[in-house]
There are 2 protein chains.
Amino acid sequence: MNLGAHNKNERHLTEKLSTSGFRFTPQRQSVYDVIMHKRDHPTAEEVFIRAKKQMPEISHATVYNCLDALVKSGLIRQVQLERGATRFCPNMEEHCHYHCGACGKVFDMALPKNFTDMPQPKGFKADHYDIAVHGLCADCAGKRKN
Amino acid sequence: MNLGAHNKNERHLTEKLSTSGFRFTPQRQSVYDVIMHKRDHPTAEEVFIRAKKQMPEISHATVYNCLDALVKSGLIRQVQLERGATRFCPNMEEHCHYHCGACGKVFDMALPKNFTDMPQPKGFKADHYDIAVHGLCADCAGKRKN
DNA sequence: GTGCCTCTTTAGAACTATTCTAAATCTTGA
DNA sequence: TCAAGATTTAGAATAGTTCTAAAGAGGCAC
Ligand SMILES: [Mn+2]
Ligand SMILES: [Mn+2]
Ligand SMILES: [Zn+2]
Ligand SMILES: [Zn+2]
């Protein structure tokens, strides 16, 4: 394991948290780590399960609080792809989500430049974009045909 | 009130329902009507409240069932803009949603042609796009500054 | 270092949105 | 006319999230 990279991540976490008025805590570190480690799109419940492995005493409410702090600090993104549990995304680049309705998998795809230049309601002050494509992933599309 | 238009809507409803394997029912009509009438983005609960005015005996579960049937028949769209209740949209044109995080208002904007030509994961079979822009509407952006 | 204020965590209760269940009712079509 | 299946209903159950109150920890003034 690369200790340099580890320290760099921790500095980044501490900085981003504190500029948003949050303190560094081991729980926030832990939640951040599990999301950054397996770069998928887990629900709060999945984050809770993973975080418990490193920190068995962590509570449900804390996971929600930490996720909220991380989102507000611009360290992770919140995505609402469908009815039900919110998911969290470690990728802070501009990207869109391809969501397979059969297996639930989520794929990140970078967006073309100027993609978000679109007509706006007069005076609207845009903060962020959520672009999702729903359908079937290659595997599931194959299975359906047979 | 224009009876011609009313009958046309009802024919459209019946046709779309039946091609998806659903029957026409007064409850489905009622739910469809309240969504088409005030062309906003209500939650299931709001639809329930409005539908009760015309049909006081309608139940909660039926509103959910009807909304589901209408979505599956391609008569309305389901949109998940944030954590919490799902909203429903009467506009079946390709459009995106501008969502004000302060007052909750939702604005439809038509999408430019070819907007949805974007890089795809290999083999992905896209069904539909959900494009949302989160921020502040003109009114709320004004209030914040003052 | 001590005290004080605020932030954070915790367990569990509460709440909100949605789905499920089982019985009654309605529709369709043999 | 009757059986089979679809639909509606009230209320129970479930899932996901937020709230609450008490305990713990960190930072700062003195
Ligand atoms: Mn992502
Ligand atoms: Mn809309
Ligand atoms: Zn799939
Ligand atoms: Zn607003």
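Chain A is the first sequence line, chain B the second, and so forth, proteins listed ahead of strands; every chain is numbered from 1.
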Closest-nucleotide ordering on DNA chain C, the 5'-leading residue of B:Ala85 and A:Asn65: A:Asn65
Aromatic ring pairing B:Phe48/B:His60, orientation class (parallel under 30°, perpendicular over 60°, tilted between): parallel
For atom CD of B:Gln80 and atom P of D:dA15, their distance in whole Å: 18 Å
Geometric class of the B:His41/B:His95 ring pair [parallel <30°, tilted 30-60°, perpendicular >60°]: tilted
Phosphate contact (D:dT8 OP1 or OP2) by B:Thr62 side-chain N/O below 4.0 Å: no
Along DNA chain C (nearest heavy atom to each residue), the more 5'-positioned of B:Tyr64 and B:Pro26: B:Tyr64
A:Thr86 side chain near D:dT17 phosphate (N/O to OP1/OP2, under 4.0 Å): yes
Rounded distance in Å - CZ (A:Arg23) to P (D:dC28): 9 Å
Separation of atom CE in B:Met55 from atom P in D:dT8, rounded to whole Å: 9 Å
Intermediate values then yes/no, side-chain contact (heavy atoms from CB on, under 4.5 Å), B:Ile76 and B:Leu67: CA-CA 8 Å; B:Ile76 62 174; B:Leu67 289 169; 3.8 Å; yes
Protein-nucleotide distance (A:Phe88, atom CZ; D:dT17, atom C1'), rounded to Å: 10 Å
Outermost DNA chain C nucleotides near chain A [under 4.0 Å, heavy atoms]: C:dT6 to C:dT19
Sugar-phosphate only, base, or nothing, as touched by B:Thr25 at under 4.0 Å among non-hydrogen atoms: sugar-phosphate
